[in-house]
4 protein chains.
Amino acid sequence: MNGGRAPREPGGHAGGEPEKRRAILHAAVHVFAEKGYQGCRIADVARAAHVAYGLVYHYFRNKDELLESVFAEQWAILMNAIQAIDEGPGTAADKIAGIYGFVFDVYKTAPSAVRVLILEVTRTTHALRAGSTRETFERAVQLVADVVRQGQGRGELKPELDPVIAATAILGALELAVSGMVVGIVPARTEEEIDRAKRQATELVLGGLRAGG
Amino acid sequence: MNGGRAPREPGGHAGGEPEKRRAILHAAVHVFAEKGYQGCRIADVARAAHVAYGLVYHYFRNKDELLESVFAEQWAILMNAIQAIDEGPGTAADKIAGIYGFVFDVYKTAPSAVRVLILEVTRTTHALRAGSTRETFERAVQLVADVVRQGQGRGELKPELDPVIAATAILGALELAVSGMVVGIVPARTEEEIDRAKRQATELVLGGLRAGG
Amino acid sequence: MNGGRAPREPGGHAGGEPEKRRAILHAAVHVFAEKGYQGCRIADVARAAHVAYGLVYHYFRNKDELLESVFAEQWAILMNAIQAIDEGPGTAADKIAGIYGFVFDVYKTAPSAVRVLILEVTRTTHALRAGSTRETFERAVQLVADVVRQGQGRGELKPELDPVIAATAILGALELAVSGMVVGIVPARTEEEIDRAKRQATELVLGGLRAGG
Amino acid sequence: MNGGRAPREPGGHAGGEPEKRRAILHAAVHVFAEKGYQGCRIADVARAAHVAYGLVYHYFRNKDELLESVFAEQWAILMNAIQAIDEGPGTAADKIAGIYGFVFDVYKTAPSAVRVLILEVTRTTHALRAGSTRETFERAVQLVADVVRQGQGRGELKPELDPVIAATAILGALELAVSGMVVGIVPARTEEEIDRAKRQATELVLGGLRAGG
DNA sequence: CATGAATGAGCGTTCATTCAT
DNA sequence: TATGAATGAACGCTCATTCAT
């Protein structure tokens, strides 16, 4: 594309996403994670993104839409990972362990992202109810429920469990484990501590799911 | 605990807690549950309590203290229940089942209370960090962790689990299960549906904890 | 009223209108007249009323409602005057002259009020369309149209005129005469100049209305 | 007049006014008439003109100048008509009737234009005070006043009337008659209704002016 | 000429908190 | 105790204007 023309792509874009929009979204993740929904001011995001106040409103209709986008993006990443794990090889236990592994690994390098992902999901219930957040979350539950169903079909997991409730518990345990780290109840200062928490949480939830438990 | 309570013996009724204070607290539970932290305005609470605006500030230093008190009260109820269950007879599994049973039962008659208890705990992290909420929450984790430790001591639960992480997962699964009901992912319209969700969630988490799983 | 009780009526009221509300409304008339709808900032009104910013929103839902109230009040005064003139004695010509006289007289002592009354009526059409302004204006037209009808009934005014159109013209001529004074096209610095403009305008419009003209 | 026009011969078409500038001006008339001064956003005009945002600022220094130009253009049309009528044959009454006729006729085919012409004249007083609008308006008044003077000189109109005040009333009655149609007080849905309103208004004002009334 | 991204001051509105009674 | 009027800082959003290309 753009063959022969001047190779411009300055402050703008060329079929892709404007870099300033990226910067805003990127900054929003951190500010949002740091200060929560109510404490996350547009001015903070703009400043963190080294961008003029008004530009936020050039790319996003309003605060809700901006934070919805943050949600959507973070969840999209997680969803892709879950789906890839889901469609890949391995037992149901492997896959669930894989999901846990992914989230804990991301936490090591980008705790803010995980924080948004996990901590704020249920939080802003009302304000964002109309948005796509809830559907996205439901889809995640369904995706994990599918993993459970497959595992039940292969006789790996307890057949009597309701897959949706099981999926809820799987993600719930994951959420509070990460919450615990974020809040400081569960120690997670070193990589080893994080790995330890990961192993424990994984073991715990898998123990409840395995057939013949 | 007496957090935020007026120091001198208040109330027009001598000896007890002033009824207006009660009304405010009571109203706050519902408004808080209904609208969340940010959406919960002092004016709403006062109106719902059929009390003058300023009276809220007579009994509570500020918004945070009011909502802290709501937390504290709801958690106190749960803590007492947990403690009673803890100190009572039965295996660790019985006790954990008892805790789950208690929360789900309260949900049947007072979903607002549970909503506050569960949904808002991690939410308002930053705003309330200075307050007693976190300590209360930690104490709950420790209480459950004690149950786990006791169970491990008696050989009922897997000895290799970190009690704190286990407790975190126990409450985490509980949280998201209830969240699921509140948000509507998990069906909970009838008493039977709620009981079913309770059984499933209990089974799931206990499966992960039992020794020889 | 208030017999025997402590004669309090401090910053408050006693069955009447709070004085601060009065002050805000009073200030709004001037600021509105001075700067027009768009230029009239809430901050200006508050400052002019020697009142805190937020108090404006204590008494008025928003800017539109405030300015609607200004309209309503000014028009109410005019309407009362018109109605009194209408119901009083005299020929239709006397009554129309009376209305003109009233408006020009008010202009001498309170040009701001007239300015709001006249200049801004049609102006903020869209913003205030939903409000009561238009209905009020229509009522004024009807009231004047009634005067015309009565005059036609008594043979004083041309019978072939549509009373509504006549009323529209009567008020229109009045409006632009006053507009002319406000804007400076028609000289109105001294009381004499104002009276001269009044006489001329009255004569002009009456000339068009009188039977056998 | 050339107010606000790009100095050098513009347009891709050599010799005339650039068509984009035309489009902007044309669009501005409608948006302005539709939304009023404050509601008329540059973005709206640009969109309606199918032109890039920034181009508006290429042809006009700022919003005020754009809307001044709209005024100027519309008034120029009216002024030319008035002047032609003025310099043409006929009595003063004929000429005034001609002016009324012109405005009402334009209203039939381009109500937006008349709306701008009439409704917004006095409105934006302050914002545009520095501009040429007022002078233009004053010139219109003078032009009509000249017609009155001529009529007085020929003994057709009452000699005792101040020509300026008379002109003010003539235009005032015209304004409110049209305003009434625009706002909906005076019925103007069919051509017949418009014509009826025209005749009534004309008769009314001429009745006030004719000598021996 | 033409584009539209980028800027930032300005303003309406909310709402926790205080205060006079 | 109880009331609710009064305060003002804070923040979301708009939109005229500029600028780089």
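Protein chains get the first letters and strands the later ones, always in sequence-line order, with residue 1 at the start of each.
For the pair A:Lys20 NZ and F:dC19 P, the computed distance is 15 Å after rounding to whole Å. Atom CD1 of B:Ile24 is separated from atom P of F:dT1 by 11 Å (rounded to the nearest Å). Note: CZ (A:Arg47) to C1' (F:dC11) measures 12 Å, nearest angstrom. The distance from atom CD of B:Glu19 to atom C1' of F:dT1 is 12 Å, rounded to the nearest whole Å. Between C:His50 atom NE2 and F:dA6 atom C1' the separation is 16 Å, expressed in whole Å.
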Base versus backbone protein contacts along nucleotides 9-16 of chain E [heavy-atom cut-off under 4.0 Å; B, S, -]: --SBBBSB
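Remark: side-chain polar atoms of A:Lys20 are not paired, donor with acceptor, to backbone N or O of A:Ala49 under 3.5 angstrom. A:Lys35 places no side-chain N or O within donor-acceptor distance of the main-chain N or O of A:Asp44, the cut-off being under 3.5 Å.
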Do B:Val45 and B:Val51 pass the side chain to side chain contact (heavy atoms under 4.5 Å, CB included) test, and can you show the C-alpha distance, the side-chain angles, and the key distance before you say yes or no? CA-CA 9 Å; B:Val45 174; B:Val51 143; over 6 Å; no
Please lay out, stage by stage, how B:Ile42 and B:Leu66 fare under the test side chain to side chain contact (heavy atoms under 4.5 Å, CB included). CA-CA 9 Å; B:Ile42 297 291; B:Leu66 169 61; 4.2 Å; yes
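Between C:Arg22 and C:Glu73 there is a salt bridge, since a side-chain N of the basic residue sits under 4.0 Å from a carboxylate O of the acidic one.
B:Phe60 places a side-chain heavy atom less than 4.5 Å from the side chain of B:Arg21.
Residues forming a side chain to side chain contact (heavy atoms under 4.5 Å, CB included) with A:Ala48 (at least two apart in sequence, or on another chain): A:Ala27, A:Val31.
The nearest pair of heavy atoms linking D:Ala46 to D:Val56 is CB-CG2, 4.0 Å.
By the 30° and 60° cut-offs, the orientation of the rings of A:Tyr53 relative to A:Tyr57 is parallel.
Residue order along DNA chain E, read from the 5' end via each residue's closest nucleotide, puts D:Val56 first among A:Ala52 and D:Val56.
Taking every side-chain heavy atom of C:Leu55 into account, F:dA5 is the closest of E:dT7, F:dT3, F:dA5.
Listed by first residue number, the stems of DNA chain F with at least three Watson-Crick or G-U pairs below 3.5 Å are E:2-21 with F:2-21.
Neither OP1 nor OP2 of F:dA6 sits under 4.0 Å from any side-chain N or O of C:His58.
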